[in-house]
Participant: 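Before we start, here is the structure in question, set down as structure tokens.
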Amino acid sequence: QVSAVESGGGVVQAGGSLRLSCVASGRDFSSAHMGWFRQAPGKEREFVASILGVDWSGDTTYYADSVKGRFAISRDNVKNTVYLQMNSVKLEDTAVYYCNRVQGRRAMDLWGQGTTVTVSS
């Protein structure tokens with residue numbers, strides 16, 4: 001099991017950039033597949049991006065169609081941290097962002113508090 005603390009959210013203008021961080025604790029972090037999810041007001045939580053553990057291949061990543069080409073997920077296994085670089089943000093990217101250990105696009109552990117991203121026009 002992995003527990004995570006997200007940070008880096010804030011208010012950003014449409015078209016701008018923001019980088020989220022997720023510091024994770026738990027055994028074998030480097031082997032864990034990690035992902036980002038988000039929940040917009042009034043909507044269900046949805047998958048955003050994931051990155052495979054080191055045992056599988058060199059940083060293979062997956063993205064939801066809505067963020068492909070704009071967001072980038074990465075990880076630093078020395079710092080036990082997963083990042084989400086958000087570029088060219090849109091109003092519809094406004095949400096609370098969470099990270100979690102994943103299997104495919106499914107979250108495996110309890111949710112943290114998340115970090116709030118608000119995109120302004």
Side-chain angles (χ1 to χ4, degrees):
Q1 185 167 342
V2 171
S3 61
V5 178
E6 303 91 345
S7 64
V11 179
V12 57
Q13 279 197 324
S17 298
L18 203 62
R19 190 176 81 157
L20 307 183
S21 299
C22 165
V23 179
S25 61
R27 294 174 56 183
D28 301 324
F29 169 80
S30 62
S31 299
H33 307 325
M34 297 296 296
W36 284 94
F37 297 77
R38 67 185 181 186
Q39 186 167 20
K43 295 188 176 182
E44 293 187 353
R45 188 149 31 199
E46 63 178 2
F47 169 84
V48 174
S50 63
I51 184 167
L52 296 189
V54 68
D55 295 339
W56 289 81
S57 64
D59 293 338
T60 299
T61 57
Y62 300 92
Y63 297 94
D65 288 343
S66 58
V67 306
K68 201 173 294 183
R70 299 189 298 120
F71 291 8
I73 187 172
S74 60
R75 66 192 299 162
D76 184 332
N77 292 322
V78 174
K79 296 181 179 179
N80 274 26
T81 301
V82 182
Y83 302 99
L84 185 69
Q85 178 67 42
M86 305 170 61
N87 299 322
S88 302
V89 296
K90 303 176 180 180
L91 294 176
E92 52 264 42
D93 294 323
T94 294
V96 180
Y97 284 73
Y98 303 86
C99 74
N100 207 314
R101 189 168 57 98
V102 298
Q103 186 170 55
R105 297 190 174 196
R106 183 172 56 140
M108 300 300 292
D109 295 322
L110 297 176
W111 296 104
Q113 292 192 330
T115 187
T116 301
V117 173
T118 302
V119 181
S120 63
S121 58

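It should be emphasised that the depicted structure is a prediction, and the values quoted were computed from it without experimental measurement.
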Participant: Tell me, which pairs form a ring-ring contact (aromatic ring centres under 6.0 Å, His included) where one or both residues lie in residues 67-101, sequence neighbours left out?
Facilitator: Tyr98-Trp111
Participant: Does a salt bridge link Lys90 with Asp93, judged by any charged N lying under 4.0 Å from a carboxylate O?
Facilitator: no
Participant: Using a 4.5 Å cut-off on heavy atoms from C-beta on, say whether the side chain of Tyr62 contacts that of Ile73.
Facilitator: no
Participant: Should we count CD of Glu46 as having more than 12 external heavy atoms under 6.0 Å?
Facilitator: yes
Participant: Of His33, Arg106, Met108, which meets side-chain contact (heavy atoms from CB on, under 4.5 Å) against Arg101?
Facilitator: Met108
Participant: Using only atom types and a distance under 3.5 Å, with no angle test, would you say the side chain of Asp28 pairs donor to acceptor with the backbone of Ser31?
Facilitator: no
Participant: Classify the side-chain pair Ser25/Ser3 by whether it contains a donor and acceptor separated by less than 3.5 Å.
Facilitator: yes
Participant: Do other residues, nucleotides or ligands put more than 12 heavy atoms under 6.0 Å from the CD atom of Glu92?
Facilitator: yes
Participant: Do Glu6 and Leu20 have side chains that approach each other closer than 4.5 Å (heavy atoms only, starting at C-beta)?
Facilitator: no
Participant: Centre of Tyr63's six-membered ring, under 6.0 Å away, within 45 degrees of the axis: is that where NZ or CZ of Arg70 sits?
Facilitator: no
Participant: Can Val48 be reached from Val12 by stepping across I, L, V, M, F, W or Y side chains whose heavy atoms are under 4.5 Å apart?
Facilitator: yes
Participant: What are the two closest non-hydrogen atoms of Gly104 and Ser50, and how far apart are they?
Facilitator: O-OG, 4.3 Å
